[in-house]
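Encoded as structure tokens, the structure appears first; notes follow it.
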2 protein chains.
Amino acid sequence: MKDNNDMPGHLARRFQQIAVAVFLAEVGDAGFDLTPVQYAALATIKANPGLDQVTLAGLIAYDRTTITGVIDRLVQKGLAERRASSRDRRARELEITDEGRRTLRKITPVVESAQRIMLRGLNAREGEELMRLLRKAIAAGNELSRAPLRDVQA
Amino acid sequence: MKDNNDMPGHLARRFQQIAVAVFLAEVGDAGFDLTPVQYAALATIKANPGLDQVTLAGLIAYDRTTITGVIDRLVQKGLAERRASSRDRRARELEITDEGRRTLRKITPVVESAQRIMLRGLNAREGEELMRLLRKAIAAGNELSRAPLRDVQA
DNA sequence: TACTGATAGTCAGCATACTGAGCAATATCG
DNA sequence: CGATATTGCTCAGTATGCTGACTATCAGTA
């Protein structure tokens, strides 16, 4: 009988579970109410002003049906805006607000600190190696999930 | 601006996303309707007949509030039974059914095959190293999530 | 231009996961 | 023994994530 600790699937879930808990604890302690998904979306909107929801989803590998709710909550918190696109009436253009910019600026060092805490059991070399192997495994499996990572095309 | 690919948290989410998708695809193709959580719970019940829900949760690092619903669905599918404990009237004793045993027997090779697919971008040595590093990071962060792994005490 | 297919977004439904609260039962200790 | 704390489980509420379906719009083409 194979042990859970020999199952990459189990280890993946467990590591992610800890990563989310660390993120929420650090961000919450700093006085913010933002989930990992919301942070990733907000940072990506800031880096790509005016992008539409499908492009955003592709850049951070979320399902487009999940993005709808995430944007709803960012808008409701006053951190982002969703407006109709002039070029394509189906699409929504996303913008970060000043409040969103302020939040992002204050929260980014906290998020980076959280990343270090997730790896606190590993030394620097091991942390790098873990990320390298994860990147490699993810690249090979990218198309296997419904929400693969998509580059922006020029 | 730190790239997503330098964030262990992002990589963790992405790898887990792929792992779940692979699991569901393989299990579904084999004709079964069982989620990763349900599989882990069922296998653990079989290995520890009569255990209660809190012990089960600790063995596979789930929150006890999540386990309630998971067991509901296993019972509803006829794969497990939940009965009142005689020793402690608060607790429920969990048992696998014959149907659950049959399902588990047929599904286990499929699950193991899914584990290999998740790592298909890595060679054997890299796969082992990834699992070693994940185990190490998880051990150091075990207490940081609300649902830490708990060994059974004698 | 009319038809066909693809695309952007939303929605309903289901299954994790979590927080926090509550109830019932058990354990502990003065 | 009785008050208190703890434990096992459930529930309400919220937020991912997914499948599948639907509407509106756009793009390509006969």
Side-chain angles (χ1 to χ4, degrees), chain A residues 9 12-14 16-25 27-28 33-41 51-58 60-77 82-94 144-148 150, chain B residues 9 12-14 16-25 27-28 33-41 51-58 60-77 82-94 144-148 150:
Chain A
R13 187 189 66 84
R14 193 82 188 87
Q16 213 253 334
Q17 181 183 44
I18 291 167
V20 171
V22 168
F23 184 103
L24 292 176
V27 167
D33 172 32
L34 211 64
T35 66
V37 191
Q38 290 165 17
Y39 171 78
L51 86 173
D52 65 289
Q53 294 185 195
V54 167
T55 304
L56 169 60
I60 50 186
Y62 292 118
D63 195 278
R64 70 190 193 289
T65 64
T66 301
I67 286 291
T68 297
V70 173
I71 302 295
D72 281 351
R73 285 177 283 277
L74 287 178
V75 168
Q76 204 248 319
K77 289 176 185 175
R82 176 199 259 142
R83 65 171 79 101
S85 165
S86 47
R87 304 183 316 277
D88 185 339
R89 296 221 310 276
R90 292 168 303 179
R92 312 296 150 103
E93 287 176 0
L94 303 174
L144 300 178
S145 80
R146 170 162 140 161
R150 296 279 179 231
Chain B
R13 187 190 65 85
R14 193 82 187 85
Q16 212 253 336
Q17 181 183 43
I18 291 167
V20 171
V22 168
F23 184 102
L24 292 176
V27 167
D33 172 31
L34 212 65
T35 66
V37 191
Q38 288 165 17
Y39 172 80
L51 87 173
D52 65 289
Q53 294 185 193
V54 168
T55 304
L56 169 60
I60 50 186
Y62 292 120
D63 195 278
R64 68 191 193 287
T65 64
T66 301
I67 285 292
T68 297
V70 172
I71 302 296
D72 281 350
R73 286 178 282 277
L74 286 178
V75 168
Q76 205 248 319
K77 290 177 185 175
R82 176 199 259 142
R83 66 171 79 102
S85 165
S86 47
R87 304 184 314 278
D88 184 338
R89 297 221 309 275
R90 293 168 302 180
R92 317 276 190 235
E93 287 176 359
L94 304 174
L144 299 179
S145 81
R146 170 162 141 161
R150 297 278 179 233

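Lettering of chains follows the sequences in order, A, B, ..., and the numbering in each one begins at 1.
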field: Rounded distance in Å - CZ (R13(B)) to P (dT16(C))
entry: 19 Å

F23(A) CZ to dA17(C) C1', straight-line distance once rounded to whole Å: 16 Å

message: Between R87(A) and V20(A), which residue's closest nucleotide on DNA chain D lies nearer the 5′ terminus?
response: V20(A)

query: Closer than 4.0 Å, any side-chain N/O of R146(B) to the OP1 or OP2 of dA17(C)?
result: no

query: Should L56(A) and I71(A) count as side-chain neighbours, where that means a heavy-atom distance under 4.5 Å?
result: yes

query: Which part of the nucleic acid, if any, lies within contact of T65(A), taking any heavy atom under 4.0 Å across all strands shown: a base, the sugar-phosphate backbone alone, or nothing?
result: base

field: Rounded distance in Å - OH (Y39(A)) to P (dT16(D))
entry: 16 Å

message: Mind checking if T35(A) touches a base, just sugar-phosphate, or nothing, with heavy atoms under 4.0 Å?
response: sugar-phosphate

field: Distance-minimising heavy-atom pair for R14(A) and S145(B)
entry: NH1-OG, 3.7 Å

- prompt: Does the pair R82(B) and D72(B) meet the rule for a side-chain contact (heavy atoms from CB on, under 4.5 Å), with working shown?
  reply: CA-CA 9 Å; R82(B) 176 199 259 142; D72(B) 281 350; 2.9 Å; yes

message: Does a side-chain N or O of R73(B) approach OP1 or OP2 of dT16(C) to a distance below 4.0 Å, or not?
response: yes

- prompt: Side chains of D52(B) and T55(B): donor-acceptor distance under 3.5 Å anywhere?
  reply: yes

- prompt: Looking at dT19(C), dA25(C), dA17(C), which one has an atom nearest to any side-chain atom of R89(B)?
  reply: dA25(C)

- request: Sugar-phosphate atoms are those with a prime plus P, OP1 and OP2; base atoms are the rest. Using that split, label each nucleotide of nucleotides 4-9 of chain D B, S or - for protein heavy atoms under 4.0 Å, 5' to 3'.
  value: ---BSB

field: Interatomic distance where CG belongs to D72(A) and P belongs to dT14(D) [whole Å]
entry: 14 Å

query: Given side chains that start at C-beta, do those of T35(A) and V27(A) come closer than 4.5 Å, heavy atoms only?
result: no

query: Between Y62(B) and V70(B), does a side-chain contact (heavy atoms from CB on, under 4.5 Å) hold up when you go through it step by step?
result: CA-CA 10 Å; Y62(B) 292 120; V70(B) 172; over 6 Å; no

field: Rounded distance in Å - CG (L24(A)) to P (dG20(C))
entry: 11 Å

- prompt: Taking for each residue the nucleotide of DNA chain D bearing the nearest heavy atom, is the 5' side occupied by K77(A) or by S145(A)?
  reply: K77(A)

field: d(CG, D63(B); P, dT19(C)) in whole Å
entry: 7 Å

message: Is the phosphate of dT16(D) approached by Q16(A) (side-chain N or O, under 4.0 Å from OP1 or OP2)?
response: no

- prompt: Roughly how many Å is it from CG in L56(A) to C1' in dT7(C), rounded to a whole number?
  reply: 17 Å

query: Does Q17(A) make a side-chain N or O approach to OP1 or OP2 of dC18(C) shorter than 4.0 Å?
result: yes

message: Any non-hydrogen side-chain atom of D63(A) less than 4.5 Å from a side-chain atom of Q17(B)?
response: no

- request: May I have the distance from I71(B) (atom CD1) to dA17(C) (atom P), rounded to whole angstrom?
  value: 14 Å

